[in-house]
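Reviewing the structure listed below.
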There are 2 protein chains.
Amino acid sequence: MVRPTMEDVALRAGVSRALVSLVMRGSPKVSELRRTAVLKAAEELGYSPHAMARSLASRTSTVLGVMVSDLHNAFFAEVVDGIDEVAREQGFDIIINTGGRSPARERRALESLLSFRPAGLILLSPVVPATAIGKAAEQLPVVLVARSSRVSTVDTVNDDGEQGARLAVEHLVSLGHKRIAHLDGGEGTQAGPRRRGYVAAMEAHGLVPQVVSSEYTDAAGARAIRSLIADDALPTAILSCNDFNAVGAISALEDAGLRVPQDVSVVGYDNTSLAALRHVSLTTIDQPRAEFGRLAADALLQRVREERTEPVRHLLNPSLVVRGTTAPPATSRRTADFKAKSPERQSRDQ
Amino acid sequence: MVRPTMEDVALRAGVSRALVSLVMRGSPKVSELRRTAVLKAAEELGYSPHAMARSLASRTSTVLGVMVSDLHNAFFAEVVDGIDEVAREQGFDIIINTGGRSPARERRALESLLSFRPAGLILLSPVVPATAIGKAAEQLPVVLVARSSRVSTVDTVNDDGEQGARLAVEHLVSLGHKRIAHLDGGEGTQAGPRRRGYVAAMEAHGLVPQVVSSEYTDAAGARAIRSLIADDALPTAILSCNDFNAVGAISALEDAGLRVPQDVSVVGYDNTSLAALRHVSLTTIDQPRAEFGRLAADALLQRVREERTEPVRHLLNPSLVVRGTTAPPATSRRTADFKAKSPERQSRDQ
DNA sequence: CTACAGCATTAGAGCGCTCCAACCAATAGA
DNA sequence: TCTATTGGTTGGAGCGCTCTAATGCTGTAG
């Protein structure tokens, strides 16, 4: 249970502790003879350097802290993949902690991460107040993903939610839809831009926006649809605030005896793995998640290396993924463009 | 960018460094006068202890390392919740790293975690070779979740896959099914016990097992169904190796014009959030995931405190969650018990 | 033969903290 | 009065490492 130290390796290899240190850091100014001797001794002892002692002594860190607001959401997993890719390339390790979307727990996670004195911090869609982020940013470089900030020492990486919503609306309009409702994400992250983009795109096409208050869950999506039906206000197409909401909406539509996409088209947002399931086959808006991670890590490492001081604000372009839940509205089926429909869902139409 | 040290706090509070240390660790042998003075100085300076220096000096760690094999899988998120809950209760922090189901990356993640010299390590469904785990276990306490081990210094927490499969078979048998196929998970973790449990349960009921080779993905589930249909060997019920596979199977069945559950019943495994979606409403086997995490953390902390040396092998009981994808077989609908059907899917039957 | 590079190697201080032993009142007991 | 005792406080060593400056050791030029 007790790990060997540099001293042990030095003793065994018959050299000084400092020499072992040089070998471990891959210094070129070590003779081949000693180098192999040290490596052999280290191997035999099962030695590996103590990251904390190293970081303490060198007053530097090769660790990037990553705070994932919600581990349950696979969205973040792909962002982490992107971060990990870049970090590893540049010789950095990452440590992850999670806040479970609770501000208190997230704050604790932040403290914990900070106590390791990492070189920098990436926060994925954090829910802690901006002041807490600002405070952290006084101690080390901080990059925010899927959350904006006005602090000039903090870099941000976001998707252009307005553009994403516009893409969805234009897809539906091109199919011939005129009555398109938006199931709104309420207080949720990024709900604002999506709503604004939806409203702007509708108005740009001379259509009347219909924003229905909802949330980022499938239950909320179903509820919104039921209330639309009850009010006799069901449109021919739905733009949900995210994929979960969309799937709930589809369920409620089917429960009411309506067919998707023949009677009502539905578009999600996020392109989660859920949307890609053939059973769901949801038309949705994709965000370049791994790219989020890569850009965030790049931005962070630039700050770590002090190559840049002015803030960076990445706003990435989302893209439309057409699957089986969108089609021309029932009234104009004959004339509209069928090519937009994905063939994988065709078989369910008969 | 430079954090204050204990020295700074001591100076400002007019006391010694050692006294600050005592206050920070909540020692009772500090006068109220000094305590408040120190806390005030710390507050003003924005001081918080340096976890690494502390751990280095005390030769102990209050950190538990958690290696998540796959961050994309929400299964692990709930296990982490359980771990976090117990760890926090007992004053431990956790740091997470991920291996992305690649042995090489996982090995690196392990090294990285180890370099922080945590008090112990929890590995969630690791794919690294057993020798690598054994090596880690020589340095610190290790607990495995969703993977078994024969090493006596390693504790394990698993679900009883045989029992889970048996529950599923018995549910289907009680509905009147006689021809039940198992879409097998192949090399996947835990596929073996599930297969064995299925075969044993079938034989116990005097039925003929039908194991179809498949994988843990929805595409594989769909493929297996198509091959069953092509071979004219489609049974009245399907037990999938996991929920994704089951959803793929349902899709393929619907594509072939068959209705679930009227024509074919489908049972999944894992009770992922996917299964709970009303649009999917999958009958499945639930594993107590948060409990996995709690037990793993408990076992680990026992080892950390050296309260136990003999290994612990938790084998938790899974449970059946009946939703809308199972019903009596078409041929015996009149006589079988309808109560097992979930009402939430009833509306789709007409 | 001395001087001086130039290179490989090492001693020693110090990173921010903990922990032990020592210390210093102040009070209690003899 | 002197010695214990107690509770609060402190100096200093040391955790495993890095880093600077100094050292020893060639080999080559003067």
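Chain identifiers are assigned alphabetically (A, B, ...) following the order of the sequence lines, protein sequences preceding nucleic acid strands; residue numbering begins at 1 within each chain.
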Quiz item: Does Met24(B) or Ala53(A) map to a spot on DNA chain C nearer the 5' end, using the closest nucleotide for each?
Solution: Ala53(A)
Quiz item: Taking atom CG of Leu144(B) and atom CD1 of Ile122(B), what is their separation to the nearest 0.5 Å?
Solution: 10.5 Å
Self-check item: Inter-residue atom distance Ser125(B).OG - Asp70(B).CG, 0.5 Å rounding
Solution: 9.0 Å
Quiz prompt | Proximity to DNA chain C (any heavy atom under 4.0 Å), residues of residues 56-63 of chain A only | solution = Leu56(A), Ala57(A), Arg59(A)
Self-check item: Gln190(A) versus Asn158(A), side-chain donor and acceptor atoms under 3.5 Å
Solution: yes
Self-check item: Leu300(A) versus Pro141(A), closest heavy-atom pair with distance
Solution: CD1-O, 3.4 Å
Self-check item: Where Val30(B) and Arg35(B) come nearest, the two heavy atoms and their spacing
Solution: O-NH1, 3.6 Å
Dump every N/O contact between nucleotides 9-12 of chain C and the protein below 3.5 Å, one line per pair.
{"residue": "dT9(C)", "atom": "OP1", "partner": "Ser31(A)", "partner atom": "OG", "Å": "3.0"}
{"residue": "dT9(C)", "atom": "OP1", "partner": "Arg34(A)", "partner atom": "NE", "Å": "2.5"}
{"residue": "dT9(C)", "atom": "OP2", "partner": "Ser31(A)", "partner atom": "N", "Å": "3.0"}
{"residue": "dT9(C)", "atom": "OP2", "partner": "Ser31(A)", "partner atom": "OG", "Å": "3.3"}
{"residue": "dT10(C)", "atom": "OP2", "partner": "Ser16(A)", "partner atom": "N", "Å": "3.0"}
{"residue": "dT10(C)", "atom": "OP2", "partner": "Ser16(A)", "partner atom": "OG", "Å": "2.9"}
{"residue": "dT10(C)", "atom": "O5'", "partner": "Ser16(A)", "partner atom": "OG", "Å": "3.4"}
{"residue": "dG12(C)", "atom": "O6", "partner": "Arg17(A)", "partner atom": "NH2", "Å": "3.3"}

Self-check item: 5' to 3' contact window, DNA chain D with chain A (heavy-atom distance under 4.0 Å)
Solution: dG16(D) to dC19(D)
State whether [X] and [Y] are salt-bridged, where the test is any N-O pair (Lys NZ or Arg NE/NH1/NH2 against Asp/Glu carboxylate O) under 4.0 Å.
X	Y	answer
Glu44(A)	Lys40(A)	yes
Arg303(A)	Asp298(A)	no
Asp159(B)	Arg289(B)	no
Glu106(B)	Arg101(B)	no

Self-check item: Backbone of Ala299(A) reached by a side-chain donor or acceptor of Arg308(A) within 3.5 Å
Solution: yes
